[in-house]
Undergrad: 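Got a structure here, written out as structure tokens. Questions coming.
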Amino acid sequence: MKDNFKTFKPAGKMQFEFTDLISGYVSNFSAEKKTFTLTTSDGRAFEVALTDTTFARLMRNLDEPYQDATGNMYNLLAQDGRMVFAFGIFYPQANGEYAFEAKQIDFPEKAQGKYRFEEQNWWANQAKSICNFFIRAQFPDGDINYDNYRTSVTLGGKSEKNSFRQETDTISRMIYGMASAFMLTGEDIYLEVAEKGVEYLKKHMRFYDVDENVVYWYHGIDVDQNGMEKKIFTSEFGDDYDAIPMYEQIYALAGPIQTYRANGDPRILKDAELTIDLFDRFFKDTKGEGYYSHIDPVTLSPDSASLGANRMKKNWNSVGDHAPAYLINLYLATGEEKYKKFLEYTFDTITKHFPDYENSPFVNERFMDDWSHDLTWGWQQNRAVVGHNLKIAWNLMRFQSICPKDSYVEFAKHIAEVMPKTGMDVQRFGWYDVMERQLRGNEEYYRFAWHDRKAWWQQEQGILAYEILYGLFKDADYLKYARESAAFYNTYFLDQDDGAVYFNVLANGLPYLMGTERKKGSHSMSAYHSVELAYLAATYTNLLNTKKPLPLYFKPVVNGFKDNVLRVSPDILPKDSIKIESVEIDGKPWTKFDAEALTVQLPAVEYRPKVKVVVVPKN
């Protein structure tokens with residue numbers, strides 16, 4: 001036999017084909033050559049070739065049908081500046097370069113400049129779909145009975161009944177999602193699920209210490225096949241084993257407080273006050289600054305040998321998680337000055353101690369009692385969680401609108417400038433997970449701690465950080481990063497087959513479906529971050545970016561909110577940026593509201609009225 005063909009022989013170690021994603025902005029399309037240029041977020045240009053098998057899709061939300069764009073692909077690619085995701089194969093060339101052939105093209109814009117995730121109801125519809133997924137998973141027969149709740153939920157949306165664990169924080173997180181979905185949509189099923197969840201937490205997971213007059217929350221309970229309960233007081237999560245970690249107490253409040261915003265139940269407020277008393281009396285460093293990360297379950301002291309590596313330690317969770325988990329929402333619902341002061345204390349502490357830019361582009365997250373750096377703790381060592389950096393910028397800029405400080409702005413803007421250079425995937429969009437904080441030896445690229453995957457919750461932090469930054473400062477770069485982050489998330493994290501969102505995707509956007517990261521419900525995941533993103537992205541997008549109305553819904557209990565005043569601001573937003581346009585109670589117009597103060601005087605009735613408030617941008 002005589003061969004009459006050539007084969008490629010690699011000349012270097014890095015010459016091999018591989019599948020990958022390029023994300024960026026299109027230019028120089030040639031229908032004749034079937035090529036175009038794709039320029040990445042950081043300005044690098046790639047030539048992309050189309051093949052006879054290349055297909056294209058328009059972005060779609062959860063519960064929307066597939067939207068093919070193959071027939072119109074050439075017309076869309078001919079529009080310079082349009083955002084494009086090109087998934088394909090890099091082929092090595094003899095000259096040492098690579099040729100890239102796209103096999104799948106995704107278009108996030110419906111029309112050029114009209115991103116689908118900036119449509120008025122995009123995020124509300126997404127919240128509905130995610131919450132419907134969890135309702136089906138946890139209560140498949142339609143009976144909202146938390147006896148049947150399980151922490152673990154499969155990829156396909158079934159709770160694992162052979163797993164008997166009910167964790168307090170995952171219930172609370174799901175409650176948060178349900179309450180938020182109700183506030184966005186007004187559909188009573190979500191409020192029912194939230195309120196029944198709050199009652200379940202109160203009955204089964206809450207412990208009122210009569211002697212100390214504080215409330216703390218069990219890690220969870222185990223329910224056997226006969227319905228018998230076993231209380232799990234201390235954490236059984238590896239990092240926190242046999243201790244009471246601050247973050248578990250913090251997240252126990254997340255769902256109830258968001259529910260309180262919708263219904264004003266004073267019992268929820270009382271539990272929050274008594275839990276905050278726990279924080280201030282037993283977790284707070286009364287001689288220094290901040291809050292300790294763990295306390296002993298017997299002595300309620302942070303200074304106990306039983307805590308091991310967690311003894312007298314402080315970290316991001318113990319100081320920084322108060323604001324996003326419950327404290328901002330508690331302030332929004334009550335307007336109480338004491339909660340504003342609490343927020344200021346945490347943000348001042350973060351701004352003072354977390355920056356470490358002389359040594360790293362990332363903040364330091366773990367500390368000793370005296371605020372010296374703890375660089376040897378457990379899995380973290382000297383590593384950074386990208387999402388925590390973004391979370392600091394996001395929450396600082398929320399609080400900035402009611403407590404303006406140059407130090408907050410300087411810190412947040414610095415994070416916003418540095419993170420795209422270190423924690424963002426500028427080739428594909430999206431945000432990485434855990435990275436080494438410092439370079440070693442001759443390294444030039446900051447290393448990943450374990451992998452280059454992307455977690456759903458860290459995408460949320462990136463989207464919200466840059467959206468609120470854009471809302472305050474109108475810097476076009478902030479809008480660009482917000483859109484790139486939201487486009488990646490909505491293209492690759494939405495599970496169009498089974499519903500809800502994936503835990504992790506690979507750097508190239510393909511879902512990572514191994515181990516606990518295969519699941520939709522786990523110790524780390526419930527309907528919290530995904531619906532928090534939907535709620536706040538709907539708020540920031542409509543009110544600060546596209547300037548569209550945002551309807552919100554409430555259903556107050558009788559004699560709930562103080563003085564019968566409902567506070568409706570969806571988040572802490574820039575001063576004088578929004579107002580109430582209209583209010584309806586039980587479907588009828590209601591005029592007793594203060595448009596500028598964003599408050600509604602509720603009617604004195606002996607039933608629970610349904611309140612619809614339309615909030616609009618002032619300009």
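Just the heavy atoms: all of them, side chains too, but no hydrogens, waters or symmetry mates, feed the values below. For reference, positions follow the sequence shown, starting with 1.
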Undergrad: Step by step, work out the salt bridge (Lys or Arg N to Asp or Glu O under 4.0 Å) result for K340 and E336.
TA: CA-CA 7 Å; K340 180 181 175 182; E336 291 282 352; over 6 Å; no
Undergrad: Do the ring centers of F283 and H294 come within less than 6.0 Å of each other?
TA: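 No, ring centres 6.0 Å or more apart.
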Undergrad: Might you confirm whether atom NZ of K547 has over 12 heavy atoms from other residues, nucleotides or ligands at distances under 6.0 Å?
TA: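 Atom NZ in K547 is crowded, with more than 12 foreign heavy atoms closer than 6.0 Å.
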Undergrad: Is the backbone of R383 close enough, under 3.5 Å, to the side chain of Q380 for a donor and an acceptor to pair up by distance?
TA: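 Here the side-chain-to-backbone pair exists.
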Undergrad: If I take atom OG1 from residue T541 and atom OH from residue Y115, how far apart are they, to the nearest 0.5 angstrom?
TA: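 Between T541 OG1 and Y115 OH, I get 12.5 Å after rounding to 0.5 Å.
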Undergrad: Tell me, with the steps shown, if Y470 and Y540 meet ring pair (Phe, Tyr, Trp, His ring centres under 6.0 Å).
TA: CA-CA 9 Å; Y470 177 72; Y540 300 161; over 10 Å; no
Undergrad: Establish, yes or no, whether a centroid distance under 6.0 Å links the rings of H322 and F279.
TA: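 Yes, the ring of H322 comes within the 6.0 Å limit of the ring of F279, centre to centre.
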Undergrad: Checking salt bridge (charged side-chain N to carboxylate O under 4.0 Å, His left out) between D303 and each of K287, R311, K313, which is the one that passes?
TA: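 One option only clears the test, and that one is R311.
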Undergrad: If I take atom CZ from residue F493 and atom CH2 from residue W456, how far apart are they, to the nearest 0.5 angstrom?
TA: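 Going from the CZ atom of F493 to the CH2 atom of W456 covers 9.5 Å.
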Undergrad: Take atom NZ of K352 as the centre, draw a 6.0 Å sphere, and report whether it contains more than 12 heavy atoms from other residues, nucleotides or ligands.
TA: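 At most 12 heavy atoms, drawn from other residues, nucleotides or ligands, come within 6.0 Å of this atom.
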Undergrad: Would you indicate whether K618, at its atom NZ, is surrounded by more than 12 heavy atoms from other residues, nucleotides or ligands within a distance under 6.0 Å?
TA: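 Check passes, neighbour count above 12.
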Undergrad: Ignoring hydrogens and angles, tell me if any N or O in the side chain of T334 forms a donor-acceptor pair with the backbone of L330 under 3.5 Å.
TA: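 Looks like yes, one N/O pair under 3.5 Å.
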Undergrad: Measuring centre to centre across the rings, with the benzene-like ring taken for any Trp, is Y216 within less than 6.0 Å of F207?
TA: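 Yes, the ring centres sit under 6.0 Å apart.
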Undergrad: Is there a donor-acceptor pair closer than 3.5 Å between any side-chain N or O of S360 and the backbone N or O of Q438?
TA: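 Looks like no, no N/O pair under 3.5 Å.
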Undergrad: Taking the basic N atoms (NZ, or NE/NH1/NH2) and the acidic carboxylate oxygens, is any pair closer than 4.0 Å for E532 and R173?
TA: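 No.
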Undergrad: Is it the case that more than 12 heavy atoms not belonging to N619 sit under 6.0 Å from its CG atom?
TA: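 Result for CG/N619: open.
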Undergrad: State whether F561 and R567 meet the cation-pi test: NZ (Lys) or CZ (Arg) under 6.0 Å from the six-membered ring centroid, and within 45° of the perpendicular axis.
TA: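 Relative to the ring axis of F561, which defines the angle, R567 lies outside at least one limit.
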Undergrad: Got a donor-acceptor contact below 3.5 angstrom from the Q459 side chain to the A455 backbone?
TA: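 Looks like yes, one N/O pair under 3.5 Å.
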Undergrad: Please determine, by modelled atom types, if Y291 and D280 share a side-chain donor-acceptor pair under 3.5 angstrom.
TA: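 Yes, because at least one side-chain N or O of Y291 sits under 3.5 Å from a partner of the opposite role on D280.
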Undergrad: Against the six-membered ring of Y512, is R453 placed for a cation-pi contact (under 6.0 Å from the centre, within 45° of the normal)?
TA: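 Yes, cation above the ring, under 6.0 Å and within 45°.
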Undergrad: Under the criterion side-chain hydrogen bond (donor to acceptor under 3.5 Å, both in side chains), I'd like the reasoning laid out for H219 against E248: C-alpha separation, chi angles, the key distance, then a yes or no.
TA: CA-CA 7 Å; H219 172 76; E248 288 191 0; 3.0 Å; yes
Undergrad: Kindly say whether the aromatic ring centers of Y432 and F448 come within a distance under 6.0 Å.
TA: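 Between F448 and Y432, which both carry aromatic rings, the centre distance is below 6.0 Å.
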Undergrad: Looking at W394, is its backbone amide N or carbonyl O close enough to the side chain of Q461 to form a donor-acceptor pair, meaning the two atoms are under 3.5 Å apart?
TA: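 No: the side chain of Q461 does not pair with the backbone of W394.
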Undergrad: Can you tell me how far apart CG (L573) and CZ (R398) are? Round to the nearest 0.5 Å.
TA: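 So the gap between those two atoms works out to 9.0 Å.
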Undergrad: Does T349 use its side chain to pair, donor to acceptor, with the backbone of Y345 at less than 3.5 Å?
TA: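 Answer holds: yes.
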Undergrad: For F367 together with H373, are the ring centres under 6.0 Å from each other?
TA: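 For H373 and F367, the ring centres are under 6.0 Å apart.
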Undergrad: Would Y339 and Y331 count as a close aromatic pair, with their ring centres under 6.0 Å?
TA: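 No: the rings miss the under 6.0 Å criterion.
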Undergrad: Roughly how far apart are K454 NZ and F503 CZ, rounded to 0.5 Å?
TA: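 Here the rounded value is 16.0 Å.
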Undergrad: Any salt bridge linking E596 with K579? Criterion: basic side-chain nitrogen under 4.0 Å from a carboxylate oxygen.
TA: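 No, E596 and K579 are not salt-bridged.
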